[in-house]
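Here is the structure we will look at, set down as structure tokens.
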Amino acid sequence: VQLQASGGGLVQGGGSLRLSCAASLRTFRTTNMAWFRQAPGKERAFVASIRWSGSITVYADSVKGRFAISRDNAKNTVYLQMNNLKPEDTAVYYCAADIAPNTIISANRQITSYDYWGQGTQVTVSS
């Protein structure tokens, strides 16, 4: 299984980026997906998740109203649209896959819920 994240880069504060994560999962349509991030010297932290059906999304408080997670099951891809970026959003962003479709929603924020991880893509926001 491979999760290939892309779309990171350097952007000025207030700008936007769109991350993509392509998954080589035969069961993508029943896989819950998420984005996490890890800033230098900090632990990996939850950003957003989306259920396999696309019907439920969950966001960290720090990104609510600015970020949007979505998925295209026909392309086995999950996206993270990031708007109004701030310097504190600077981090390596990782996509993750949870192959258990019935994971309780409250567990979607937990690193331990995810079975597969992408390699990460760097997002740097300048002030």
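Keep in mind that the numbers below use all heavy atoms, side chains included, and drop hydrogens, waters and symmetry copies.
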Point-to-point distance, once rounded to the nearest 0.5 Å, from [atom1] of [X] to [atom2] of [Y]:
X      : Y      : atom1 : atom2 : value
Cys95  : Gln119 : SG    : CD    : 7.0 Å
Tyr116 : Ile99  : OH    : CD1   : 4.5 Å
Tyr94  : Trp35  : OH    : CH2   : 12.0 Å
Leu19  : Arg37  : CG    : CZ    : 11.0 Å
Thr31  : Ile50  : OG1   : CD1   : 12.5 Å
Cys21  : Leu3   : SG    : CG    : 4.5 Å

Original post:
Between the main-chain N or O of Lys75 and the side-chain N or O of Thr77, is there a donor-acceptor pair closer than 3.5 Å?
Top reply: yes
Original post:
Is the shortest distance from a Lys or Arg side-chain nitrogen in Lys86 or Asp89 to a carboxylate oxygen in the other one below 4.0 Å?
Top reply: no
Given side chains that start at C-beta, do those of [X] and [Y] come closer than 4.5 Å, heavy atoms only?
X     : Y      : answer
Val58 : Ile105 : yes
Glu43 : Ile111 : no
Tyr79 : Asp72  : yes

Subject >> Near-ring test Tyr114/Phe36, centroid separation under 6.0 angstrom >> reply: yes
Original post:
Is Met33 reachable from Leu17 through a run of hydrophobic residues whose side-chain heavy atoms are each under 4.5 Å from the next?
Top reply: yes
Subject >> Step-by-step side chain to side chain donor-acceptor pair (under 3.5 Å) determination, Asn108 to Arg51 >> reply: CA-CA 9 Å; Asn108 288 159; Arg51 302 291 285 187; 3.3 Å; yes
Subject >> side chain to side chain donor-acceptor pair (under 3.5 Å) assessment of Ser16 paired with Asn83 >> reply: CA-CA 4 Å; Ser16 298; Asn83 299 325; 3.0 Å; yes
Original post:
Which heavy-atom pair separates Thr121 from Gly7 by the least distance, and what is that distance?
Top reply: OG1-N, 4.2 Å
